[in-house]
Amino acid sequence: MPVGHWDARDETDYENLDYFVGSLQQSAIDLYMYSNYNFLKLEEPSSHLYTRRHFAAGDDAICTVTRPDDDGLGGGICRKPDGTIYEDPAGKIDFEVEFEEVRRTIDNIIMPWRELPGPDDVQTQIDSWRLVARDLSGTATNQQGIISGASDISANLFGIHTNVDNMSGAAIAQFKEKFVNKLGNAIAGHYAIAVLCGGALTAERDIFKQARKSVMEAVVKTRNAMANIAFSEETDPWLVALKIAQWSLEGAQAFAGGAVPLKTALSSFALKALQASDVEGKPESDEVSADDYNDAIGGFKATLDEINAEITKGEKALSDNLIKNLEAINKDRDSYDLKVEPISSPQNLVIIQPDLIEEITGGHRPGGGYMRNISQDLRNNKNQAAGVSMERGVRRPEDIGIGEVGPSGAFNAMRERLMKLMDDMAWDVENGAAMLQKVMDALRSQDANSQKELESINQKIEKGSGIDPWG
């Protein structure tokens with residue numbers, strides 16, 4: 001992109017912000033001179049001097065003042081008609097000082113907006129979170145004997161169901177009803193939580209992508225208006241595109257995407273996606289009209305304030321949505337949490353193929369087995385989630401949006417709930433596998449030692465993991 005080119009579609013990276021801020025400072029100084037020293041004129045928009053048009057021969061007053069460069073720097077040197085430096089004998093006029101004050105005013109207005117989160121800052125966190133959601137998503141199928149699905153967890157769930165369907169007896173019926181049939185739904189609940197968190201991250205990214213575009217548009221249009229007033233003494237009112245709050249809705253819906261849209265992911269649970277009515281905002285800023293420097297500066301500030309109001313609206317809606325959904329999750333615990341129930345006896349267990357149990361449990365091998373795999377995947381997901389930080393991606397000056405870290409508080413509460421649920425479920429699945437294997441061992445050996453080991457694992461299951469996913 002050539003330096004100085006402006007296209008709102010390109011400006012989320014602020015590549016040309018410095019150029020346009022410098023150009024805005026030059027135009028602001030032009031308008032400052034027009035508003036306060038209109039006897040000094042720019043002859044052409046490209047002029048390097050503010051020139052006094054009328055002066056008498058031998059006049060000892062100001063004849064010219066140097067204009068700042070295109071980057072807004074320099075300028076303010078006064079000369080007499082004979083070309084020598086002019087110094088105000090009363091010490092009241094010092095254009096270099098006054099120009100610096102104009103530059104400082106612009107810098108102070110734009111400073112916090114320079115620090116808006118960049119799309120890449122948030123995208124890093126989104127990419128990490130996608131790994132969490134991916135492993136909780138989808139369903140598996142069996143095609144020509146090959147189990148496949150959207151994630152390793154779904155493939156292992158499919159394997160458990162397939163094997164359990166080939167067994168019968170009271171013990172297996174209990175295991176299937178109380179645990180297997182609920183496990184997939186609980187993991188789907190975890191996926192719904194992951195989608196809500198991912199949607200919040202994506203919404204934050206899109207809010208600030210649009211906000212950066214709006215800031216750039218405000219800088220460029222204010223610069224153009226100031227230049228027009230200073231040179232032609234008139235300009236049309238101007239405004240900037242907003243639609244910032246609405247982008248939180250677009251982002252929240254975009255995270256799930258693909259074959260599992262947001263409404264589908266949440267449809268089985270008492271959870272609600274962000275609604276358009278929650279983020280209904282202004283498509284454009286109020287028009288700014290200005291006749292002089294103070295009006296134009298005030299209009300620039302007002303436009304940025306409107307941008308901030310839109311960011312705030314979008315972030316507040318995101319935070320409220322996460323908080324309300326967390327309340328709904330806390331009231332519907334059975335949809336997200338399950339407990340394996342002990343099987344006290346292997347009696348009435350009918351196994352058509354003995355190795356089916358060991359495919360589920362992993363047998364006495366160090367690793368493997370559908371249930372062990374699910375347990376390990378849940379723990380890996382919990383650790384992956386622990387490394388994702390909305391705060392790192394969205395930090396900005398505290399006066400922008402709903403605070404320095406935006407809706408991170410609500411995001412963290414939802415993330416922590418998901419991490420605890422996955423950690424606790426990993427324990428349940430792991431020990432459920434151990435119990436099922438002990439049932440198999442007791443059935444095979446029919447001795448007191450095997451029954452004692454089964455009783456031991458059952459006592460451990462009854463005691464629980466010690467993890468309180470609702471604490």
Side-chain angles (χ1 to χ4, degrees), residues 8-17 112-134 136-137 193-217 241-258 262 265 273-274 278-279 281 304 307-323 325 381 384-416 418-419:
R9 293 171 300 178
D10 304 328
E11 292 299 342
T12 59
D13 60 3
Y14 273 0
E15 180 182 353
N16 288 312
L17 180 61
W113 298 96
R114 287 181 177 277
E115 299 177 46
L116 288 188
D120 290 344
D121 298 331
V122 191
Q123 188 63 48
T124 300
Q125 306 305 318
I126 294 171
D127 291 343
S128 293
W129 192 261
R130 281 196 186 281
L131 299 178
V132 177
R134 182 195 65 188
L136 295 170
S137 68
I193 297 173
V195 166
L196 286 170
C197 289
L201 286 167
T202 310
E204 280 287 280
R205 178 199 66 190
D206 290 355
I207 284 173
F208 285 106
K209 283 176 68 174
Q210 185 59 37
R212 280 178 166 228
K213 292 179 183 180
S214 296
V215 169
M216 281 296 300
E217 189 175 356
L242 295 177
K243 295 184 180 179
I244 295 168
Q246 289 94 320
W247 276 100
S248 61
L249 178 65
E250 298 289 334
Q253 293 178 337
F255 180 81
L262 184 61
L274 202 62
D278 298 330
V279 292
L304 294 178
I307 293 172
N308 195 16
E310 284 289 295
I311 295 171
T312 301
K313 180 189 287 288
E315 291 198 318
K316 187 176 186 305
L318 275 177
S319 182
D320 289 348
N321 180 256
L322 288 171
I323 290 169
N325 278 313
N381 266 12
Q384 178 72 22
V388 177
S389 169
M390 178 181 278
E391 295 176 17
R392 285 198 295 269
V394 306
R395 194 175 296 276
R396 86 302 295 261
E398 63 180 0
D399 292 334
I400 291 179
I402 62 172
E404 185 179 13
V405 294
S408 293
F411 174 88
N412 288 342
M414 186 74 83
R415 184 196 63 168
E416 290 297 320
L418 177 59
M419 288 168 57

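Given the structure is predicted, the values throughout are model-derived calculations rather than measurements. All values below were derived from every heavy atom in this structure, side-chain atoms included, with hydrogens, water molecules and symmetry-related copies excluded.
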Gap separating the CG atom of L318 from the CE atom of M390, nearest 0.5 angstrom: 7.0 Å
Non-hydrogen side-chain atoms of C197 and F411 separated by less than 4.5 Å: yes
Set of side chain to side chain contact (heavy atoms under 4.5 Å, CB included) partners for Q123, sequence neighbours left out: I126, D127, R205
Distance in Å, S214 OG paired with I244 CD1, rounded so as to fall on 0.5 Å steps: 4.0 Å
From OG (S128) to CZ (R392), nearest 0.5 Å: 8.0 Å
Donor-acceptor contact below 3.5 Å, side chain N412 vs main chain S408: yes
Side-chain donor or acceptor of S137 paired with backbone N/O of R134 under 3.5 Å: yes
W113 to I311 - nearest heavy-atom pair and separation: CZ3-CD1, 3.9 Å
Taking every non-hydrogen atom, the tightest pair across M216 and L17: SD-CD1, 3.4 Å
I307 side, atom CD1; Q210 side, atom CD - distance, nearest 0.5 Å: 9.5 Å
Test log, rule side-chain contact (heavy atoms from CB on, under 4.5 Å), inputs V388 and L201: CA-CA 10 Å; V388 177; L201 286 167; 4.1 Å; yes
N321 side chain to A317 backbone, donor-acceptor under 3.5 Å: no
Donor-acceptor contacts, no H, no angles, side chain residues 396-407, under 3.5 Å, sequence neighbours left out:
from	atom 1	to	atom 2	distance (Å)
R396	NE	V394	O	2.8
R396	NE	G403	O	3.3
R396	NE	E404	O	3.1
R396	NH1	E315	OE1	3.0
R396	NH1	E315	OE2	3.2
R396	NH1	I400	O	3.1
R396	NH1	G403	O	3.2
R396	NH2	E204	OE1	3.4
R396	NH2	E315	OE2	2.8
R396	NH2	V394	O	3.1
E404	OE2	R395	NH1	3.3

Exercise: identify the closest heavy-atom pair between A194 and F255: O-CE2, 4.0 Å
Residue pair L322 / M414: nearest heavy atoms and the distance that separates them: O-CE, 3.4 Å
By salt bridge (Lys or Arg N to Asp or Glu O under 4.0 Å) - contacts of D120 (at least two apart): none
Point-to-point distance, once rounded to the nearest 0.5 Å, from CG of L418 to CH2 of W129: 5.0 Å
Any donor-acceptor N/O pair, Q125 side chain to S389 backbone, under 3.5 Å: yes
CD on Q384 to CE on M419, rounded to 0.5 Å: 11.0 Å
R114 to Y14 six-membered ring, cation-pi geometry met (6.0 Å, 45°): no
